[in-house]
Amino acid sequence: MVEYSGKTIQSTSEAVTGKLCRVDSATSDHGNCAKIILWDGKSALGEALLYAAVGVVVASEANASTLRYVKKIAEFYRIPAIKINRDIQELEARGTNRIVILDPQSQKLFIEPDLETINNYFGARPRKAPCSPTLLLRCHARLPDASGEFGGIVVSAARGGRYDEENIYEHLCDIADRNTGTKIIATLSLGSNDGEFISAVRAVYRASVWGRFSLLCSGVGSPDEARRCVSLIHTAFRELDAEEREFNGFIPKGLVIETPLMLLSKPCHRIIDFFCFDYPKLTYRFTGSKGDGACEEIAKYMSVFAKNAGITKIALSTDRELPEKFTAYLHKENVLSEMYVPKALVSLYN
């Protein structure tokens, strides 16, 4: 094992592990191994590469401009980045294509870690005791008088279904003004028009300067659409950054899980901070009916998805009462952090 010290550029709460890859080898390697990118400060960091990356390492010769760029990219993709006190040649010779652990908290890089180090970072940990999910209210705009009962509100970003940037921006600013300090989850549907979706994301980013917004994207039916969604979100970020507009592109971002294919696929969570299960749509698409006949099987799939998502938060949205066996199983497995419900169901889950 070789241990290097450095300086953290962008931190995360947990260490990550993967194969240390130069940009050229990382883009040509299509294996399933997680990748930590060793960046020379010159090669292009494309979206396809960063989508699969779990961390970034730069060498001692990286200048201030390089470090600012890496910090911005790493913060957007929610991955750690660290500058190591060694030159690029040594890091390539010692670490390329080897398994490493990157710990942004201790500012360390471990190349080919020994078993003791691996166990210290990724050994079995005590399971957290089940806790009740935070309740958020699905509504149009205004938080009711009993606002203390809720952890926030969930609203549609597009007023009247119009995906016009200025219209959405004004709509969300109005909601933020009337719900000062409240967590607000703004929902957008991916759709087929990339330009409209980018404009809508731009509006959410701009409005997020004035309120506690999160972005939740629906209409994502497959892993390919999830990748497209992430790419468009990043495009909106790059456009606003290039225009030097006032915006907050680092708000929490989420995906609605509403198809069996997405529920049964490996979670995509490089820049995704939370997932939301749409219970009515999932049950209908699994069974072809509006009943709850398959709810116990679906709950098991949800539990597996949540475990594969790691520390990424999980929410559930419903417009009807949930079966008792379904909620009991999710509680026992400690799956949910939040629930999104309409006012009519508040008394059932509060």
Side-chain angles (χ1 to χ4, degrees), residues 1-64 66-125 230 234 250 266-273 308-312:
M1 179 178 77
V2 180
E3 177 182 330
Y4 287 129
S5 297
K7 183 177 181 181
T8 294
I9 304 168
Q10 167 63 24
S11 186
T12 54
S13 59
E14 303 223 346
V16 296
T17 186
K19 183 190 292 185
L20 189 66
C21 302
R22 297 194 309 265
V23 171
D24 55 351
S25 63
T27 52
S28 61
D29 178 8
H30 298 291
N32 292 323
C33 180
K35 300 175 181 65
I36 295 176
I37 305 304
L38 176 58
W39 193 46
D40 58 10
K42 301 173 184 177
S43 304
L45 290 176
E47 289 180 15
L49 171 64
L50 289 168
Y51 187 86
V54 298
V56 178
V57 172
V58 296
S60 57
E61 56 263 43
N63 58 31
T66 296
L67 297 179
R68 285 194 296 270
Y69 177 76
V70 169
K71 179 174 176 60
K72 184 182 295 183
I73 290 296
E75 188 173 1
F76 180 82
Y77 280 93
R78 304 291 199 270
I79 57 177
I82 188 170
K83 176 183 177 181
I84 298 299
N85 300 325
R86 292 291 190 277
D87 61 32
I88 188 72
Q89 289 80 13
E90 179 176 345
L91 292 175
E92 286 182 341
R94 288 286 190 100
T96 300
N97 294 323
R98 292 176 170 85
I99 297 299
V100 303
I101 294 174
L102 191 163
D103 182 358
Q105 299 297 322
S106 67
Q107 305 188 111
K108 299 282 188 181
L109 180 72
F110 302 92
I111 296 176
E112 295 191 316
D114 55 30
L115 185 60
E116 181 180 358
T117 303
I118 293 171
N119 285 333
N120 285 340
Y121 278 100
F122 304 110
R125 288 173 169 79
V230 167
H234 193 198
F250 303 112
K266 184 179 179 181
C268 134
H269 57 98
R270 293 294 172 244
I271 76 162
I272 300 301
D273 301 284
N308 288 335
I311 62 172
T312 308

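All values below come from the heavy atoms of this structure, side chains included, with hydrogens, waters and symmetry mates left out.
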### Query
How about Gln105 and Ser11: does a side-chain donor come under 3.5 Å of a side-chain acceptor?
yes
### Query
Does a side chain donor of either Ser60 or Lys83 reach within less than 3.5 Å of an acceptor in the other side chain?
no
## Note on the structure
Distance col, row Lys108:NZ vs Glu3:CD, nearest 0.5 angstrom, shows 4.0 Å
### Message
Among Val57, Ile101, Asp103, exactly one meets side chain to side chain contact (heavy atoms under 4.5 Å, CB included) together with Leu109. Which residue is that?
### Response
Val57
### Query
If every non-hydrogen atom of Leu102 is compared with every non-hydrogen atom of Pro104, which pair is closest and at what distance?
O-CD, 3.5 Å
### Summary
Correct closest heavy-atom pair for Arg86 and Glu61 would be O-OE1, 4.2 Å
### Separation between CD1 of Ile73 and NZ of Lys71, rounded to the nearest 0.5 Å
12.5 Å
### Summary
Closest non-hydrogen atoms of Lys7 and Gln107, given as atom of the first, atom of the second and distance, are CA-OE1, 3.4 Å
### Task
Anything under 30° is parallel, anything over 60° is perpendicular, the rest tilted; go ahead and classify Tyr77 against His234.
perpendicular
### Message
For Thr66 versus Gly41, what's the shortest heavy-atom pair and its separation?
### Response
CG2-CA, 4.1 Å
### Summary
Separation between CD1 (Ile88) and CD (Glu90), nearest 0.5 Å, reads 10.5 Å
### Query
Yes or no on side-chain hydrogen bond (donor to acceptor under 3.5 Å, both in side chains) for Thr117 and Asn120, after CA distance, side-chain angles and deciding distance?
CA-CA 5 Å; Thr117 303; Asn120 285 340; 5.3 Å; no
### Message
Would you say that Trp39 contacts Val70 through its side chain, given a criterion of any heavy-atom pair below 4.5 Å between the two side chains?
### Response
yes
### Message
Distance check, rounded to the nearest 0.5 Å: Ile82 atom CD1 versus Ile9 atom CD1?
### Response
8.0 Å
### Query
What's the shortest heavy-atom distance between Lys35 and Cys21, and which atoms?
CG-SG, 4.2 Å
### Message
In the structure I gave you, are the side-chain heavy atoms of Val16 and Pro80 within less than 4.5 Å of one another anywhere?
### Response
yes
### Task
Nearest 0.5 Å please: distance from the CD1 atom of Ile36 over to the CD1 atom of Ile79.
9.5 Å
### Message
For Glu116, is the CD atom crowded, meaning more than 12 foreign heavy atoms sit under 6.0 Å from it?
### Response
no
### Task
For Phe250 and Arg78, work out which heavy atoms get closest and say how close.
O-NH2, 3.2 Å
## Note on the structure
In this structure, CD1 of Ile99 is separated from CD1 of Ile111 (nearest 0.5 Å) by 11.5 Å
